[in-house]
Amino acid sequence: PMTTHPQELTAVILTLNEASHIADCIQSLSWADRVVVFDSYSEDETAVLAQTAGAELHQSKFENYAQQRNAALDALHTDWVFFVDADERGTPELGQEIRQVMADRPERGWYVPRHNYIFGQLTRGAGWYPDHQLRLFKHGCVRYERPVHEIAVVDGAIGYLERPLTHYNYRDLAHFRAKQRAYTSYDARILYDQGVKPKPRNYILQPLRHFYWRFVTLRGYQDGLHGLRLSLYMTYYEWVKYRKLGWFWRKNK
C-alpha cells in the first residue's frame, strides 16, 4: 500500500538586533516542524538567544529585504515556508489552519491577516486590519522582488487565511516617527523615479484626502481617539512625503 508523509513546515524569522523579541517569537511558533532564524549578523544577543530557544541559526549579510528573503529560501530544504517577523507572534489556531490548507488545498501561496498592536493597543481601523501579508508558500514556488516593501511573486494560486498573526507594531511615538521618516523618504523616491511632480495643491489636498481615507473609508473612527490620533499622524506624514518629493525635484533640477 502507498503511504503518505506529512509535509514539513519551516517557520523563518529574519532578524537584525531583535534580542527583545526573538525568544517569544520562536516560542509562539512551536507548532512548526522547524524554526529557522536568518540573521543579518546582529550585534546584540539575537543569535545566542535564538539558538538557546531551539531555533536553527543561519547568518547572511543584508543587502535588501528581497535579497535576504530569497537567500533564506535558497538555504532551505523543506516543503512549506512561513515567514514571520521577530515582532510577530503565531498562535496554535493559526498553526492548525496552516496545517489544514497544506494538506487539503491546491494554493501555493497564502495571505495571513494581522492584529496590529500600536502603542500597546489593538488597532482595527485606519488601515491596520486585516493588513494581509503574503507569508506562507509552497517551497520552490516564490521569489521576491523590489528592495524595500518587497513583493512576493508566486507561481500558482494564492489564498487567504482567516486566523491572524499578532503583530506588536510601533512601541511608542518615537518608534513610529522613526519608521515613518524612513517610509516617506522611500515612497517619495518612488514617486520621483516615476516622474511625479508635486503641484502646490498637492500639499493641501493629498493630506486631506489621506485623512478621509484613513479615518472614514478605513474606519479609523471605530478605534475612538486612538484611531483619530493615528489618522492625523498619517495625514502629517503624507504631507512630509510630498515635501520630500518636492525636495528631490529641486535638488536634481
Side-chain angles (χ1 to χ4, degrees), residues 4-19 21-90 94-95 97-103 105-112 114 131-161 165 167 182 186 190:
T4 58
H5 298 280
Q7 299 183 83
E8 184 181 61
L9 171 63
T10 300
V12 177
I13 311 167
L14 302 187
T15 57
L16 175 63
N17 298 330
E18 294 285 358
H21 282 292
I22 192 60
D24 289 340
C25 182
I26 292 169
Q27 183 179 8
S28 76
L29 300 169
S30 59
W31 38 264
D33 297 303
R34 298 162 60 194
V35 177
V36 174
V37 170
F38 210 77
D39 183 63
S40 303
Y41 292 101
S42 293
E43 297 177 352
D44 62 6
E45 297 297 311
T46 297
V48 173
L49 292 172
Q51 291 178 303
T52 302
E56 302 174 30
L57 178 68
H58 295 260
Q59 290 185 303
S60 176
K61 182 180 178 181
F62 182 89
E63 295 178 12
N64 58 64
Y65 288 101
Q67 164 270 327
Q68 196 74 346
R69 291 192 188 275
N70 287 333
L73 291 168
D74 293 339
L76 294 175
H77 296 280
T78 189
D79 296 304
W80 286 82
V81 176
F82 182 45
F83 278 108
V84 181
D85 292 341
D87 60 357
E88 296 172 338
R89 306 289 181 266
L94 174 59
E97 185 180 11
I98 288 175
R99 292 289 186 186
Q100 184 175 354
V101 300
M102 285 170 51
R105 296 292 296 270
E107 290 86 350
R108 295 182 174 183
W110 288 87
Y111 279 99
V112 185
R114 292 196 300 187
D131 190 26
H132 284 110
Q133 306 291 314
L134 188 52
R135 297 289 189 80
L136 176 65
F137 308 101
K138 181 75 172 177
H139 191 249
C141 297
V142 62
R143 298 301 290 178
Y144 280 89
E145 299 178 355
R146 206 165 70 178
V148 182
H149 298 321
E150 65 277 17
I151 297 174
V153 180
V154 179
D155 180 16
I158 297 174
Y160 286 80
L161 298 176
L165 275 167
H167 183 205
Y186 175 75
I190 290 178

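Just so it is clear, the values below take in all heavy atoms, side chains as well, and ignore hydrogens, waters and symmetry mates.
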Check whether any side-chain N or O of [X] sits under 3.5 Å from a backbone N or O of [Y] as a donor-acceptor pair, and report yes or no.
X: Arg89; Y: Ala86; answer: yes
X: Gln100; Y: Arg105; answer: no
X: Asp39; Y: Ala47; answer: no

Might you work through the side-chain contact (heavy atoms from CB on, under 4.5 Å) test for Lys138 and Gln7, ending with a clear yes or no?
CA-CA 10 Å; Lys138 181 75 172 177; Gln7 299 183 83; 2.6 Å; yes
Minimum heavy-atom distance between [X] and [Y], given as atom pair plus value:
X: Phe83; Y: Ala72; answer: CE2-CB, 4.2 Å
X: Glu18; Y: Asp44; answer: N-OD2, 3.4 Å
X: Arg108; Y: Gly156; answer: CD-CA, 4.1 Å
X: Ala50; Y: Val37; answer: CB-CG2, 3.7 Å
X: Arg34; Y: His77; answer: NH1-O, 3.2 Å
X: Trp80; Y: Glu107; answer: CH2-O, 3.4 Å

Rounded distance (nearest 0.5 Å) linking atom [atom1] of [X] with atom [atom2] of [Y]:
X: Asp33; Y: Arg99; atom1: CG; atom2: CZ; value: 4.0 Å
X: Ile98; Y: Leu161; atom1: CD1; atom2: CG; value: 6.0 Å
X: Ser40; Y: Tyr65; atom1: OG; atom2: OH; value: 8.5 Å
X: Gln59; Y: Phe38; atom1: CD; atom2: CZ; value: 9.5 Å
X: Glu43; Y: Asn17; atom1: CD; atom2: CG; value: 6.0 Å
X: Thr15; Y: Leu57; atom1: OG1; atom2: CG; value: 7.5 Å

Parallel, tilted or perpendicular: which one describes the rings of Trp31 and Phe82, with boundaries at 30° and 60°?
tilted
More than 12 non-hydrogen atoms from neighbouring residues, nucleotides or ligands closer than 6.0 Å to CD on Gln51, yes or no?
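Counting neighbours around CD of Gln51, more than 12 heavy atoms of other residues, nucleotides or ligands fall under 6.0 Å, so yes.
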For a 4.5 angstrom cut-off between non-hydrogen side-chain atoms, does Leu29 reach Ile13?
yes
Is any side-chain heavy atom of Gln67 closer than 4.5 Å to a side-chain heavy atom of Ser60?
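Yes, side chains in contact.
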Could you check Leu76 against His139 for side-chain contact (heavy atoms from CB on, under 4.5 Å), going step by step and ending with a plain yes or no?
CA-CA 9 Å; Leu76 294 175; His139 191 249; 4.2 Å; yes
Between Arg143 and Asp74, is a side-chain contact (heavy atoms from CB on, under 4.5 Å) present by the stated rule, with each step listed?
CA-CA 10 Å; Arg143 298 301 290 178; Asp74 293 339; 2.8 Å; yes
Derivation and outcome, side-chain contact (heavy atoms from CB on, under 4.5 Å), residues Val101 and Leu136
CA-CA 10 Å; Val101 300; Leu136 176 65; 4.1 Å; yes
Do Glu8 and Thr78 meet the criterion of a side-chain donor-acceptor pair at a distance under 3.5 Å?
yes
I'd like to know if Asp85 pairs up with Arg69 as an ion pair, taking the criterion as any Lys NZ or Arg NE/NH1/NH2 lying under 4.0 Å from an Asp or Glu carboxylate oxygen.
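Looking at Asp85 and Arg69, the cut-off is met.
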